[in-house]
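Heads up: the structure comes next, in structure tokens.
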Amino acid sequence: MAAKRPGTPALFARLGVRPVINACGIYTDLGGSRLSPGVWAAAAAMNGDFVRMTELLDKTGEHIAGLLGVPAARVTPGAAAAIMLGTAAAMAGIDGDKSQRLPDTTGMANEVLIQAGHRYKYDRQVSMTGARLLELGSENGTRPDQIEAAIGANAAMIIHPAHLDGKPGTVRLEEVVRIARKRGVPVLVDAAYMNYPAAIMADYVQRGADLVAISAKYFGGPNAGGFIMGRKDLVAAVSNVHFTRYESGQYLKYGRPLKMDRQMVVAVVVALEEWLAMDHDARFAGYRRQAEMLRAMLAGLKGLTLAPKCFTMDERFIEDPVNCLLVTFDKAACGLNAAEVAGRLEAETPSILAILEGNAIGFVMDVLEDREVGHIGERLRALLG
Ligand SMILES: *Cc1c(COP(=O)(O)O)cnc(C)c1O
């Protein structure tokens, strides 16, 4: 068995929770990322002192904006929260009474436009504010004139998921921005995982997005961390719908349940600093080395095909840059098929979770430590040897 950190086995036993070896990558349901020692230390330092949350959010926002070279930014409890707060801000502006009335949007422009081909899981966060999501065009496509025609007096915002930008049949961000600017309607881009190369985060602002939502879980920050950035007035409006000054201010502001710990606010900032300073070639070289380490451990086993691959953010296996080992199982030669192997690994303690795809399992290195890769190799050898 690989070495464990002191204290953790007792904690897991006391709570009746099974630890997981996460060979899936960064998933909210598995807890997001692993915080680096530097990020953890910053959170611990912040735990030792109190600050005014209003000041902390203002100053960390300015700091993030400075790091990325954008007009304004503000830490949020994740990208989904950033979409929700950005939408609420687009409707309420800096009007405290409107913030207090949401999700009742009476008297506010409340239509948020989305191209039909852009419908996706997180557009739910738009509707949760009380906004009406208006779907434009069809699955087959949306034309620029359909967007233009849909922008009426009640249009509050256009939402544009970055990972679907350029999808066949849809209108690209630059064209959407051109139409939206003409009508004075802001565009919010969900760029939750668009963080590598690091410069692409700010690129969405340069390309004309008025607000951009980024998730910290994808850059080594807290699972419940992220930020919104973009136009100064809109980021100021986000602070009008954010959680602070609910108890101490004049209005029962909309975003009170989306509160954050001061420790996690600084963890977002320090994780971002580390991400911007990181040698990403070395990061990828580390994944490749771990994939090769696992391959070497499995090399003697019959019936396995071992292929280093890249498991992408949109969950496809491609060639480069390598961050995983894809293992294909020939049951006639090794005794088990992929689903059976995955089931056995999952049933163990610690539970080993990886990506099952057809008759293969992808072991993704993104958040694995060497000791865990070694453990996976040992367990596979025990099951198949
Ligand atoms: C993970 C994700 C989100 C939500 O981000 P959180 O920080 O977990 O709230 C939003 N959009 C996309 C595309 C994501 O992958």
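Numbering of ligands and ligand atoms starts at 1, following listing order. Basis for what follows: all heavy atoms, side chains included, without hydrogens, waters or symmetry-related copies.
The closest donor-acceptor contact from the side chain of R295 to the backbone of L325 lies at 3.5 Å or more, if one exists at all. Panel note: side chain N323, backbone F311; a donor-acceptor pair is recorded below 3.5 Å.
For A79, heavy-atom contacts with ligand 1 shorter than 4.0 Å involve the backbone as well as the side chain. Counting heavy atoms under 4.0 Å from ligand 1, residue H163 touches it through the side chain alone. Heavy atoms of K217 found under 4.0 angstrom from ligand 1 belong exclusively to the side chain.
With a 6.0 Å cutoff to the six-membered ring centre and a 45° limit on the axis angle, R245 does not count as a cation-pi contact of Y251.
Scanning all protein heavy atoms for the shortest distance to atom 3 (C) of ligand 1 gives Y122 CZ, 3.4 Å. Scanning all protein heavy atoms for the shortest distance to atom 15 (O) of ligand 1 gives Y218 OH, 2.7 Å. Regarding atom 11 (N) of ligand 1, its nearest protein heavy-atom neighbour is D190 OD2, 2.7 Å. Given atom 9 (O) of ligand 1, the protein heavy atom at minimum distance is A80 N, 2.8 Å. From the protein, the heavy atom lying nearest to atom 12 (C) of ligand 1 is A192 CB, 3.3 Å.
Within the 4.5 Å cutoff, the side chain of L326 has no heavy atoms near those of the T305 side chain.
Contact check on R178 versus E175 returns a salt bridge, with a Lys/Arg side-chain nitrogen under 4.0 Å from an Asp/Glu carboxylate oxygen.
Applying the side-chain hydrogen bond (donor to acceptor under 3.5 Å, both in side chains) test between N110 and each of T129, D104, T105, T87 identifies T105 as the sole match.
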Problem - side-chain contact (heavy atoms from CB on, under 4.5 Å) evaluation trace for Y193 with I26 - result: CA-CA 10 Å; Y193 62 74; I26 294 166; over 6 Å; no
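Counting heavy atoms only, S215 comes closest to atom 7 (O) of ligand 1 of the residues G221, S215, A224.
In terms of polar-atom proximity, Y120 is not counted as a contact of ligand 1, lacking any N or O under 3.5 Å from an N or O of the ligand.
Atoms of ligand 1 found under 4.0 Å from any heavy atom of T28, numbered from 1 in the order shown, are 8 (O). Atoms of ligand 1 found under 4.0 Å from any heavy atom of G78 (numbered from 1 in listed order, with element): 7 (O), 9 (O).
Below 30°, between 30° and 60°, or above 60°: for H280 and Y196 the angle between ring planes is between 30° and 60°, a tilted geometry.
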